[in-house]
Amino acid sequence: MKRRKHSKEFKLQVVKEALEVGNKALVARRYELSPNLVQRWVKAYEEGQLGQEIASSPSSAEIKRLEEEKIHRLGNHIQ
């Protein structure tokens, strides 16, 4: 079996879809890829190894930080 080389853009497209759908195996079947390969690409993306070209959902830590920042701004505005 010949090993295929996938572009960074293709990998990011697959990762984006896998994160949106929430089912890596389904996305892998759609693109005729190994589910393990899609899992590795998602992990690499989450670790910043594929770049951050696609918009990702903010992490819970980021959401909490933004909420605290908003509360702080509102508190300063009231005083």
Side-chain angles (χ1 to χ4, degrees):
M1 180 181 229
K2 188 176 177 186
R3 191 176 183 113
R4 295 182 285 178
K5 176 91 171 150
H6 301 286
S7 70
K8 182 178 177 182
E9 292 77 19
F10 176 74
K11 291 177 185 179
L12 288 169
Q13 175 185 342
V14 172
V15 167
K16 178 181 179 185
E17 192 169 327
L19 292 172
E20 287 175 356
V21 171
N23 186 333
K24 296 175 193 83
L26 177 67
V27 174
R29 281 194 301 273
R30 184 175 297 151
Y31 290 98
E32 298 181 358
L33 299 168
S34 160
N36 290 332
L37 179 61
V38 174
Q39 174 61 38
R40 284 198 314 265
W41 289 353
V42 169
K43 183 177 180 191
Y45 173 77
E46 291 174 342
E47 293 174 352
Q49 297 172 0
L50 278 183
Q52 301 298 323
E53 284 82 1
I54 63 174
S56 62
S57 301
S59 67
S60 58
E62 178 69 5
I63 291 170
K64 183 177 180 182
R65 184 188 68 76
L66 291 170
E67 287 173 348
E68 289 172 353
E69 193 175 284
K70 181 179 177 182
I71 290 168
H72 180 72
R73 280 195 315 263
L74 288 173
N76 286 342
H77 181 35
I78 294 171
Q79 295 173 359

Partners passing side-chain contact (heavy atoms from CB on, under 4.5 Å) against Lys24 (at least two apart in sequence or in another chain)
Ala18, Val38, Gln39, Val42
For the residue pair Leu19 and Val15, establish whether any side-chain heavy-atom pair is separated by less than 4.5 Å.
yes
When rounded to the nearest 0.5 angstrom, what is the spacing between NZ in Lys11 and OH in Tyr45?
15.0 Å
Just verifying a value: how many Å separate Asn36 CG and Trp41 CH2, rounded to the nearest 0.5 Å?
12.5 Å
Would a 4.5 Å heavy-atom cut-off, applied to side chains only, mark Leu33 and His6 as touching?
yes
Pro35 and Ala25 have their tightest heavy-atom pair at CB-CA, 4.3 Å
